[in-house]
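First up is the structure itself, then whatever we jot down about it.
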Amino acid sequence: MDKIVLFDGDCGVCNRSIQFILRHEKGNVFLFAPIESSIGQQLMSKYRIPSDLNSVIFIEKGKFYSKSTAAFKICKYFKPPWNLLFLFSFIPSSIRDIFYMVVARNRYKWFRKSDSCILLTPETRKKFLN
């Protein structure tokens with residue numbers, strides 16, 4: 001388990017983001033788990049991730065990343081030209097995270113809660129941790 005994306009399983013924008021990652025990842029590099037799931041909670045505990053962190057979480061090489069840093073680190077593993085989004089990580093995180101948190105705080109209002117699950121092929125289903 002080298003590259004794991006933890007996400008809010010109830011969040012519509014999070015679910016669409018996972019679908020985007022699945023379409024654009026270069027190779028088969030990511031594993032996924034909803035934060036609310038049993039495995040998500042185990043990983044939160046294992047990596048000592050604060051439970052009140054309102055963010056996507058990316059775990060790589062024994063470290064976790066959150067907010068815009070997590071998003072841009074994920075972009076590194078996209079196919080071109082999407083991997084170029086990583087270049088925005090050079091903007092200081094204090095500035096990037098302001099925009100990230102505005103969206104995170106308003107995600108249910110603007111994008112609603114997800115009322116359906118992501119439709120997975122048998123191949124992509126293997127990428128979701130149980």
Side-chain angles (χ1 to χ4, degrees):
M1 291 195 294
D2 191 35
K3 296 170 185 62
I4 303 169
V5 178
L6 298 178
F7 64 100
D8 179 349
D10 293 329
C11 171
V13 74
C14 299
N15 281 308
R16 285 190 286 275
S17 296
I18 297 305
Q19 291 174 27
F20 185 86
I21 292 169
L22 286 167
R23 281 192 312 273
H24 297 288
E25 71 178 315
K26 185 177 183 179
N28 193 18
V29 297
F30 297 112
L31 295 173
F32 303 92
I35 291 171
E36 314 74 33
S37 69
S38 174
I39 188 74
Q41 289 300 300
Q42 290 173 21
L43 289 165
M44 296 281 287
S45 177
K46 176 180 179 180
Y47 291 97
R48 296 185 176 112
I49 301 169
S51 61
D52 62 346
L53 195 57
N54 192 12
S55 171
V56 65
I57 297 162
F58 180 52
I59 300 169
E60 179 183 41
K61 297 179 183 171
K63 287 183 68 178
F64 80 89
Y65 304 92
S66 62
K67 301 179 185 172
S68 64
T69 301
F72 288 125
K73 285 205 172 273
I74 291 167
C75 291
K76 280 186 357 185
Y77 299 99
F78 286 170
K79 298 172 200 166
W82 296 105
N83 62 337
L84 295 176
L85 290 169
F86 177 72
L87 295 176
F88 287 103
S89 67
F90 295 107
I91 297 169
S93 62
S94 57
I95 295 170
R96 292 186 321 231
D97 286 344
I98 290 169
F99 296 102
Y100 185 94
M101 290 311 297
V102 167
V103 173
R105 276 189 228 108
N106 292 289
R107 69 186 188 270
Y108 293 131
K109 182 169 49 170
W110 294 347
F111 303 101
R112 299 195 178 135
K113 280 193 169 195
S114 182
D115 55 359
S116 61
C117 295
I118 300 172
L119 295 175
L120 303 173
T121 65
E123 185 176 307
T124 56
R125 185 171 285 122
K126 295 175 191 171
K127 297 173 68 61
F128 286 78
L129 302 171
N130 299 355

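Throughout, residue positions are numbered sequentially from 1 according to the sequence presented. Remember, it's a predicted structure, so these values are computed and weren't measured experimentally. Worth knowing before you read on, the calculation uses all heavy atoms, side chains too, and leaves out hydrogens, waters and symmetry mates.
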*Side chains of Lys127 and Leu22: does their closest heavy-atom pair fall under 4.5 Å?*
yes
*For side-chain contact (heavy atoms from CB on, under 4.5 Å), just list the numbers for Asn83 and Lys26, CA-CA rounded to whole Å, side-chain angles, deciding distance to a tenth of an Å, and then say yes or no.*
CA-CA 9 Å; Asn83 62 337; Lys26 185 177 183 179; over 6 Å; no
*Can you tell me how far CG of Asp52 sits from CD1 of Ile49, rounded to the nearest 0.5 angstrom?*
12.0 Å
*Is the Lys NZ or Arg CZ of Lys73 less than 6.0 Å from the centre of Phe58's six-membered ring, within 45° of the axis?*
no
*To the nearest 0.5 Å, how far apart are OG in Ser37 and CD in Gln42?*
8.0 Å
_What verdict does the side-chain contact (heavy atoms from CB on, under 4.5 Å) test give for Cys75 and His24, after you've listed the backbone C-alpha separation in whole Å, the side-chain angles of each residue and the deciding distance to 0.1 Å?_
CA-CA 9 Å; Cys75 291; His24 297 288; over 6 Å; no
*Decide yes or no for Leu6 and Tyr47: does some side-chain heavy atom of the first lie under 4.5 Å from some side-chain heavy atom of the second?*
no
_How about NZ on Lys126, more than 12 heavy atoms from neighbouring residues, nucleotides or ligands closer than 6.0 Å, or not?_
no
*asked:* Would you say that more than 12 heavy atoms from the other residues, nucleotides or ligands in this model lie under 6.0 Å from the CZ of Arg23, or not?
replied: yes
*Does Asp97 use its side chain to pair, donor to acceptor, with the backbone of Ser68 at less than 3.5 Å?*
yes
*Out of curiosity, Leu31 CG to Ile59 CD1, how far, rounded to the nearest 0.5 Å?*
10.5 Å
*Answer yes if Phe90 and Ile98 sit in the same cluster of Ile, Leu, Val, Met, Phe, Trp and Tyr residues linked by side chain heavy atoms under 4.5 Å apart, and no otherwise.*
no
*Mind running side-chain contact (heavy atoms from CB on, under 4.5 Å) on Gln41 and Ser45 for me, showing each step along the way?*
CA-CA 6 Å; Gln41 289 300 300; Ser45 177; over 6 Å; no
*Tell me, with the steps shown, if Lys3 and Glu25 meet salt bridge (Lys or Arg N to Asp or Glu O under 4.0 Å).*
CA-CA 12 Å; Lys3 296 170 185 62; Glu25 71 178 315; over 6 Å; no
*Check Phe86 against Phe72 and note the closest heavy-atom contact, atom names and distance.*
CD1-O, 3.1 Å
*Which of these passes side chain to side chain contact (heavy atoms under 4.5 Å, CB included) with Ile74: Leu85, Ile21, Thr69, Val29?*
Ile21
*Do Phe78 and Phe20 make the cut of ring centroids closer than 6.0 angstrom?*
yes
*Check whether any side-chain heavy atom of Phe64 lies under 4.5 Å from a side-chain heavy atom of Leu53, and answer yes or no.*
yes
_Inter-residue atom distance Phe30.CZ - Glu60.CD, 0.5 Å rounding_ = 8.0 Å
_Distance-minimising heavy-atom pair for Phe99 and Ile95_ = CD1-O, 3.4 Å
*Is any side-chain heavy atom of Val56 closer than 4.5 Å to a side-chain heavy atom of Tyr100?*
yes
_Heavy-atom side-chain contact between Leu43 and Ile57 under 4.5 Å_ = no
_From OG (Ser51) to CE (Met44), nearest 0.5 Å_ = 6.5 Å
